[in-house]
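Take a look at the structure below.
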Amino acid sequence: MAKKETAPYKIYLTENELPTSWYNLRADMKTKPAPLLHPGTLQPLKFEDMQPIFCDELIKQELDNETQFIPIPEPVMDFYKMYRPSPLVHAEFLEKLLDTPAKIYYKFEGNNTSGSHKLNSAIAQAYYAKAQGLKGVTTETGAGQWGTALSMACSYFDLDCKVYMVKVSYEQKPFRREVMRTYGANVTPSPSMDTEVGRRINAEHPGTTGSLGCAISEAVEVAVSTPGYRYELGSVLNQVLLHQSIIGLETKAACDKYGIVPDIIIGCAGGGSNLGGLIAPFMGEKLRGEKDYRIIAVEPASCPSFTRGKYVYDFADTGKVCPMAKMYTLGHDFIPSANHAGGLRYHGMSPVLSELYHEGLMEARSYEQTAVFDAAVQFARVEGILPAPESAHAIKGAIDEALKCKETGEEKIIIFGLTGTGYFDLVAYQKYNDGEMSDYIPTDEDLAKGFASIPDIGL
Ligand SMILES: *Cc1c(COP(=O)(O)O)cnc(C)c1O
């Protein structure tokens with residue numbers, strides 16, 4: 001075999017090396033992820049059940065556990081060209097700082113205006129809405145990354161975009177709100193007075209600053225009751241992991257080009273979309289018995305879905321309007337403690353990743369937020385990128401593995417996902433810099449309250 005040339009600091013694929021299909025990891029899973037259930041009948045959701053909520057083509061993708069490769073539509077490929085390929089970067093300066101024999105690479109998804117990987121799925125979801133002839137879409141957003149990505153995607157395809165933004169974020173994070181409005185989205189603080197569920201919640205809890213669960217309920221209500229609209233979601237769902245496989249396919253192609261074979265692949269996990277995308281082709285090889293990799297999910301100690309959650313059916317949202325999913329969950333009433341600033345606050349986890357974790361095909365660990373921000377700052381100062389707090393969980397995981405290599409002298413190859421930039425998270429950085437950031441690990445009693453909200457359906 002010809003010796004491959006040494007990889008540069010930043011590996012970019014050329015245009016004709018770009019993946020042209022998404023990879024559907026479910027096709028290679030022996031045990032498929034558990035189906036979404038109708039909350040009333042407890043039967044698996046069928047195409048027709050989902051039609052009032054989601055776009056037809058996206059429902060097909062949601063239900064398709066068999067097709068291994070799904071071609072990326074031409075208009076989505078065109079949009080991807082604006083900010084893809086994303087680089088796989090050899091973190092030489094971080095290696096030097098840590099004085100480790102390990103080789104560390106990161107796949108950087110923050111090089112677009114939305115500042116995160118979420119645009120990879122937003123543009124696909126907007127495209128399918130447009131192709132179906134819809135007028136617009138609705139969604140919810142917490143801190144605002146997903147809302148921003150969907151606003152950009154909708155403006156590109158000339159679709160109306162209604163975003164229900166958790167009221168406390170709407171008020172405290174005006175900059176993301178303005179990016180969304182600049183891209184033409186209609187942004188409403190949730191709970192609002194425009195929807196039945198919003199009016200009810202406002203009446204029951206006067207002065208409430210909202211929650212993600214409530215914003216989801218509003219967005220779904222508007223989608224279902226407005227002709228020509230559907231609802232779109234930025235994580236957790238099978239279809240989102242499918243679109244995010246572009247991250248892993250590019251990573252794999254870049255590795256193959258330079259003969260890089262990772263030992264360990266690390267990603268942060270909120271709802272699981274970036275991690276599911278990054279690991280997809282590698283996990284595929286593992287499932288087919290071709291190769292083995294260690295795969296590590298990193299989550300906040302204050303929202304430990306994988307490491308302390310239960311693998312059961314639970315509601316996907318606090319308002320209980322969405323289907324039930326079998327996943328690692330802390331209970332749909334679980335809310336991380338008020339001092340938690342580092343994102344990744346969803347109570348559940350992707351059903352695909354949940355099944356893989358349940359089968360022991362991947363590991364998970366959690367870190368406290370001050371340690372995560374320590375890692376973020378170490379990284380920012382040597383590699384030049386100010387990471388999103390979410391991404392910093394993966395940085396912390398990679399640093400710890402690299403330091404283990406320093407002890408053992410092993411030259412392991414570590415790849416992690418750097419999902420985005422932290423320019424809109426400066427209030428969290430400010431807390432850290434002012435020494436006002438604290439850690440809180442939920443006690444078993446705290447978690448028991450969340451678990452009590454899990455419906456007992458015997459599954
Ligand atoms: C939303 C987000 C995440 C977490 O979502 P996943 O679905 O778990 O990937 C991680 N990093 C960034 C920058 C995000 O915006």
Side-chain angles (χ1 to χ4, degrees), residues 86 106-122 125 139-152 166 169 173 176 179-180 212 232-248 265-280 295-300 303-306 309 316 325 327-329 336 340-354 356-357 362 364 366 369 372 375-376 379 385-397 416-425 428-429:
S86 72
Y106 59 89
K107 180 72 169 164
F108 181 46
E109 290 292 318
N111 261 338
N112 67 75
T113 299
S114 83
S116 81
H117 66 287
K118 292 201 171 68
L119 196 53
N120 299 332
S121 183
Q125 296 194 39
T139 198
E140 77 294 330
T141 200
Q145 291 101 315
W146 167 245
T148 306
L150 194 61
S151 302
M152 289 179 69
V166 177
S169 301
K173 302 202 171 178
R176 273 213 191 274
V179 180
M180 289 185 256
L212 208 52
E232 305 204 315
L233 182 66
S235 186
V236 186
L237 296 173
N238 298 340
Q239 56 184 276
V240 183
L241 268 74
L242 173 72
H243 306 146
Q244 295 296 356
S245 69
I246 189 82
I247 304 173
I265 305 167
I266 300 172
C268 64
S273 74
N274 86 83
L275 179 63
L278 174 65
I279 67 172
I295 291 168
I296 306 172
V298 185
E299 59 186 15
C303 190
S305 322
F306 268 135
M327 57 186 176
Y328 278 85
T329 177
H340 175 68
L344 309 173
R345 36 176 57 246
Y346 186 60
H347 66 273
M349 187 52 65
S350 139
V352 170
L353 294 188
S354 292
L356 295 168
Y357 180 66
M362 53 185 274
S366 70
Q369 63 179 354
V372 167
F379 178 86
I385 295 169
L386 183 73
E390 292 90 344
S391 321
H393 289 77
I395 299 176
K396 170 69 178 153
F416 72 90
L418 191 71
T419 48
T421 48
Y423 304 117
F424 289 107
D425 302 288
Y429 275 99

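This structure is a prediction, so every number in the text was calculated from the model and none was measured. Numbering of ligands and ligand atoms starts at 1, following listing order. The first residue of the sequence shown is numbered 1, and numbering continues consecutively from there.
Given atom 15 (O) of ligand 1, the protein heavy atom at minimum distance is Lys118 NZ, 2.6 Å. The protein heavy-atom contact nearest to atom 7 (O) of ligand 1 is Ser235 OG, 2.5 Å. Here the heavy atom of the protein found nearest to atom 10 (C) of ligand 1 is Glu390 CB, 3.4 Å. Of the protein's non-hydrogen atoms, the one nearest atom 4 (C) of ligand 1 is Leu344 CD2, 3.5 Å.
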With side chain to side chain donor-acceptor pair (under 3.5 Å) as the test, would you mind laying out the steps for Thr148 and Ser114 before giving the verdict? CA-CA 6 Å; Thr148 306; Ser114 83; over 6 Å; no
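Atoms of ligand 1 found under 4.0 Å from any heavy atom of Ser116 (numbered from 1 in listed order, with element): 13 (C), 15 (O). Atoms of ligand 1 lying under 4.0 Å from at least one heavy atom of Cys268, given by number and element, are 10 (C).
In this structure, His117 is part of the shell of residues with a heavy atom less than 4.0 angstrom from ligand 1.
Applying the side-chain hydrogen bond (donor to acceptor under 3.5 Å, both in side chains) test between Ser121 and each of Glu232, Gln244, His243 identifies His243 as the sole match.
Remark: the backbone N or O of Cys268 is paired with a side-chain donor or acceptor of Asn274 at under 3.5 angstrom.
The shortest N or O to N or O distance between Thr419 and ligand 1 is under 3.5 Å. In terms of polar-atom proximity, defined here as any N/O pair under 3.5 Å, Gly271 does make such a contact with ligand 1.
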